2 protein chains.
Amino acid sequence: MTPFEAVAEPSRRAILDILRAGERPAGDLVAALALSQPGVSKHLKLLREAGLVSVRADGQRRLYRLQPQGLKELEAWLAPYRHFWADRLAALGDHLERDQ
Amino acid sequence: MTPFEAVAEPSRRAILDILRAGERPAGDLVAALALSQPGVSKHLKLLREAGLVSVRADGQRRLYRLQPQGLKELEAWLAPYRHFWADRLAALGDHLERDQ
DNA sequence: CATAAATATTCTCTTTTAGTTATATTTCTG
DNA sequence: CAGAAATATAACTAAAAGAGAATATTTATG
């Protein structure tokens with residue numbers, strides 16, 4: 001699963017948003033997400049496979065942590081679009097490079 | 001369809017990437033995309049519904065144009081993650097705000 | 001006006017996704 | 001060591017996504 005697909009699902013974005021504040025046990029995410037425990041567990045598995053989070057064991061808990069490097073791919077794709085909405089100067093540049 | 005879902009599909013990203021260079025007829029996109037004409041047409045419809053492209057008629061052609069404002073939502077979501085990989089100072093900030 | 005060109009729409013099929021319930025696994029605790 | 005707590009996995013279901021073939025629609029052209 002690519003980061004693009006991983007991030008397309010709202011619950012998975014919510015998980016990442018929570019993990020921005022720091023490492024959290026799976027249970028916290030279940031509590032936050034209006035989803036069944038297995039449902040959250042599966043999303044976490046996908047996020048792991050996409051390289052967007054990592055886990056470590058802490059007793060019977062699993063602590064999930066954001067692995068933000070995985071988002072670089074998204075960032076890299078988006079980068080060339082950024083100047084389109086940046087400012088008027090960029091809009092001019094856009095116009096100039098159009099239909100070359 | 002949200003911009004997130006729209007952009008999750010590789011052919012649709014390819015379409016947007018092509019349109020960055022400027023307005024293009026649907027046929028050009030079909031030629032570029034190793035996909036059937038109806039397949040491309042359907043992706044274009046989804047991109048239109050997601051607000052990422054616009055169309056105008058030109059005779060029997062349909063000229064598609066990038067509508068980059070739609071990507072702002074993606075950009076906005078991604079923004080708070082950017083500092084995670086920006087540089088060492090950001091990494092420190094990340095560490096400090098963790099587990100608050 | 002008949003045909004061609006460009007594109008959209010419909011139908012059908014297959015695969016994937018997201019969700020649930022039930023069950024298994026692991027670790028902690030009395 | 002028995003039961004509880006936390007999480008993962010399995011099995012199943014329903015809905016959605018993506019693709020192709022066939023067809024419709026619209027506009028241009030001889």
Side-chain angles (χ1 to χ4, degrees), chain A residues 1-19 21-67 70 74 77 99, chain B residues 1-19 22-67 70 73-74 77 99:
Chain A
M1 170 156 297
T2 71
F4 291 95
E5 293 161 331
V7 149
E9 211 283 326
S11 300
R12 288 197 290 265
R13 285 200 300 281
I15 289 173
L16 295 178
D17 287 342
I18 292 171
L19 293 183
E23 203 175 45
R24 291 285 181 272
D28 281 21
L29 302 170
V30 172
L33 280 194
L35 252 186
S36 69
Q37 178 267 316
V40 173
S41 191
K42 280 199 295 185
H43 281 309
L44 287 170
K45 184 179 190 173
L46 292 184
L47 287 170
R48 231 180 309 130
E49 287 168 1
L52 297 182
V53 305
S54 58
V55 218
R56 66 184 182 97
D58 172 38
Q60 51 202 326
R61 302 203 179 153
R62 293 292 179 274
L63 299 183
Y64 282 85
R65 172 184 294 265
L66 188 64
Q67 219 56 38
L74 234 170
W77 180 80
D99 305 318
Chain B
M1 168 155 300
T2 71
F4 291 95
E5 293 161 331
V7 150
E9 212 283 326
S11 299
R12 288 195 293 263
R13 285 200 300 282
I15 289 173
L16 296 178
D17 288 342
I18 292 171
L19 293 183
E23 205 174 45
R24 292 285 180 272
D28 282 20
L29 301 171
V30 172
L33 280 194
L35 252 184
S36 68
Q37 180 269 316
V40 173
S41 190
K42 281 197 293 186
H43 281 308
L44 286 170
K45 184 179 191 174
L46 292 185
L47 287 171
R48 232 180 307 130
E49 287 167 1
L52 297 182
V53 305
S54 60
V55 218
R56 65 185 183 95
D58 172 38
Q60 49 202 329
R61 303 202 179 154
R62 293 294 178 274
L63 299 183
Y64 283 86
R65 173 183 294 263
L66 187 62
Q67 218 56 36
E73 193 179 333
L74 233 170
W77 179 81
D99 306 319

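Worth saying up front: this structure is predicted, and the values here are computed from it rather than measured. Lettering follows sequence order; numbering is per chain, from 1. Side chains are part of it too, since the values below use all heavy atoms of this structure and drop only hydrogens, waters and symmetry mates.
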Looking at C:dT20, I'd like to know if its phosphate oxygens (OP1 or OP2) sit under 4.0 Å from a side-chain N or O belonging to A:S36. yes

C:dG19, OP1 or OP2 - any side-chain N/O from A:H43 closer than 4.0 Å? yes

Does atom CZ of B:R13 have more than 12 heavy-atom neighbours from other groups under 6.0 Å away?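 Atom CZ in B:R13 is packed in, count exceeds 12.
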
Between [atom2] on [N] and [atom1] on [X], what's the gap in Å once rounded to a whole number?
X     : N      : atom1 : atom2 : result
A:E49 : C:dT17 : CD    : C1'   : 13 Å
A:L33 : C:dA18 : CG    : C1'   : 14 Å
B:L35 : D:dG18 : CG    : C1'   : 9 Å
B:L47 : D:dG18 : CG    : P     : 11 Å

Determine yes or no for a side-chain-to-main-chain donor-acceptor pair under 3.5 angstrom, with A:R62 supplying the side chain and A:V55 the backbone.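 Judged by distance alone, no pair lies under 3.5 Å.
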
Under 3.5 Å, is there a donor-acceptor pair between the side chain of A:R12 and the main chain of A:E5? yes

Using a cut-off of strictly less than 4.0 Å between a heavy atom of the residue and any atom of DNA chain C, enumerate the qualifying residues of residues 5-16 of chain B by number. none

Take A:A34 and A:D58, find for each the nucleotide of DNA chain C with the closest heavy atom, and name the residue whose nucleotide sits nearer the 5' end. A:A34

Could you run down nucleotides 2-14 of chain D 5' to 3' and tag each one B, S or - for protein heavy-atom contact under 4.0 Å? ---BSBBB-B---

